[in-house]
Trainee: 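Please see the structure below; I have some questions.
Side-chain atoms are counted along with the backbone in the values below, which use heavy atoms only and exclude waters and symmetry mates. Note on naming: letters A, B, ... go to the chains in the order of the sequence lines (proteins, then strands), and numbering restarts at 1 for each one.
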Amino acid sequence: MPNVSTSQPSGPLLTIENLKLAGLDLCRYIGRAPSLPDAERVELFATIGEISYISDVIELAISDEAFVRDEAFDKLILNADKLVELSKPFA
Amino acid sequence: MNINIHSLRNQSLLTCGLAEEVVKKIRAEHKQEWLATRTAPVSETIAKHAKQAGYGIGVASFGLVSATGIAVAGGPAALGVTAFAIGAAAGGKAIYHVVAEKIARYRQELSANTSQAEAYAPPQDAELLSRAVLMNPAIWDEAISDLARRQPLIIDMPKPASRDHIPTLKTLAPPAPF
């Protein structure tokens, strides 16, 4: 299977945990910034919603014993890790 | 703003698209089992977090991160996003939880008409999403009433929902009664 190793700096379980923490960080950021413009607040809440969805999909996949990890899944993990990195300034 | 929300947004959208592709490859039976085990306590979970909403949006919203994920697992990511957008536009604190709970309920209503083991057909996805979006004009009073019955003290001077921040609202057909 090609390119498997490119997406494995952390592993899916750690990615899920990091995504949830990133979602929490964004929530806290919104809580700290009551004067945040509405448009930006909506953008952040949209991102939190997406993070929720992404973490659930990963959890759903790895809990399915019949699920075959492929390049698409590894790409998902890789990009989820990038998403976590981009959320760190909000922590 | 010195923090780049747009880069975060772009990466989130990209990753969400990848997740939507992956979720198609997961067995329908497994989705059904997973949803069954996770949706059972959803109302209790949301009620618990609605109480916590009085103590801070961080704690409250973290609960919603899971609750909305439960509501949309196997469904369109846009639904979860809409829930948050509605909540954000509404401007309240615990309102997010009520919105998520209602969306979860609508999803269950739709599921009652078909097998949960089956993937939603595009018309079902569209209906579910349109219900969520169309809740925006009506959601405020109803949700606040619900919330007031549960936790009257945690409502923090809510303001009416703004409809200007829901970009999909204007693009949808007139609401069907539900």
Side-chain angles (χ1 to χ4, degrees), chain A residues 19-34 36-70 72-90, chain B residues 1-16 18-23 25-27 29-31 33-35 38 56-62 64-70 72-89 91 96 162 164-166:
Chain A
L19 279 169
K20 290 181 176 177
L21 291 173
L24 179 58
D25 283 339
L26 295 182
C27 290
R28 286 174 170 157
Y29 179 81
I30 292 170
R32 289 197 307 269
L36 196 67
D38 281 354
E40 292 183 2
R41 202 154 61 105
V42 169
E43 294 273 287
L44 287 176
F45 268 98
T47 304
I48 295 166
E50 287 158 0
I51 284 174
S52 173
Y53 181 82
I54 294 161
S55 63
D56 271 353
V57 168
I58 296 171
E59 187 176 339
L60 192 59
I62 63 175
S63 63
D64 181 2
E65 58 190 21
F67 179 78
V68 178
R69 288 182 55 167
D70 58 5
F73 181 79
D74 289 337
K75 193 174 177 184
L76 170 62
I77 299 297
L78 181 65
N79 279 277
D81 287 338
K82 286 182 184 173
L83 181 57
V84 169
E85 284 299 313
L86 287 171
S87 74
K88 285 184 176 174
F90 295 85
Chain B
M1 149 160 293
N2 56 4
I3 292 179
N4 194 338
I5 290 180
H6 299 297
S7 294
L8 181 72
R9 246 356 249 119
N10 289 337
Q11 182 63 30
S12 183
L13 286 168
L14 169 66
T15 312
C16 216
L18 295 168
E20 287 186 331
E21 290 306 308
V22 167
V23 82
K25 301 174 184 174
I26 301 171
R27 287 181 304 132
E29 310 91 271
H30 183 68
K31 287 181 189 174
E33 292 166 8
W34 193 81
L35 280 170
R38 294 196 62 189
I57 192 171
V59 173
S61 297
F62 186 50
L64 185 61
V65 170
S66 297
T68 306
I70 291 168
V72 302
L79 185 59
V81 174
T82 303
F84 278 92
I86 291 171
Y96 310 120
S162 166
D164 298 336
H165 302 123
I166 310 296

Trainee: For each of L83(A), I58(A), D64(A), tally heavy-atom pairs with chain B at distances under 4.5 Å, and name the one with the top tally.
Mentor: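 Highest number of heavy-atom pairs under 4.5 Å: D64(A).
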Trainee: How long is the gap from OG1 on T15(B) to CG on N79(A), to the nearest 0.5 Å?
Mentor: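 Rounded to the nearest 0.5 Å, the OG1-CG separation comes out at 4.5 Å.
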Trainee: Could you tell me which non-hydrogen atom of C16(B) sits nearest to which non-hydrogen atom of I54(A), and how far apart they are?
Mentor: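 Smallest interatomic distance, heavy atoms only, reads N-CD1, 3.8 Å.
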Trainee: Please examine the side chains of L14(B) and K82(A), heavy atoms only from C-beta on, and report whether any two atoms are closer than 4.5 Å.
Mentor: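 No, every pair of side-chain atoms sits at 4.5 Å or beyond.
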Trainee: Minimum heavy-atom separation for I26(B) and V57(A), please, with both atom names.
Mentor: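 For I26(B) versus V57(A), the nearest heavy atoms are CD1-O, 4.0 Å.
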Trainee: How close do Q11(B) and L86(A) get, heavy atom to heavy atom, and via which atoms?
Mentor: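 Closest approach of Q11(B) to L86(A): CB-CD1, 3.4 Å.
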Trainee: Tell me, please, which residues at least two apart from K88(A) pass salt bridge (charged side-chain N to carboxylate O under 4.0 Å, His left out).
Mentor: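 Salt bridge (charged side-chain N to carboxylate O under 4.0 Å, His left out) list for K88(A), sorted by chain: E85(A).
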Trainee: For S87(A), which residues count as a side-chain hydrogen bond (donor to acceptor under 3.5 Å, both in side chains) partner, sequence neighbours excluded?
Mentor: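 Checked S87(A) against side-chain hydrogen bond (donor to acceptor under 3.5 Å, both in side chains); zero matches.
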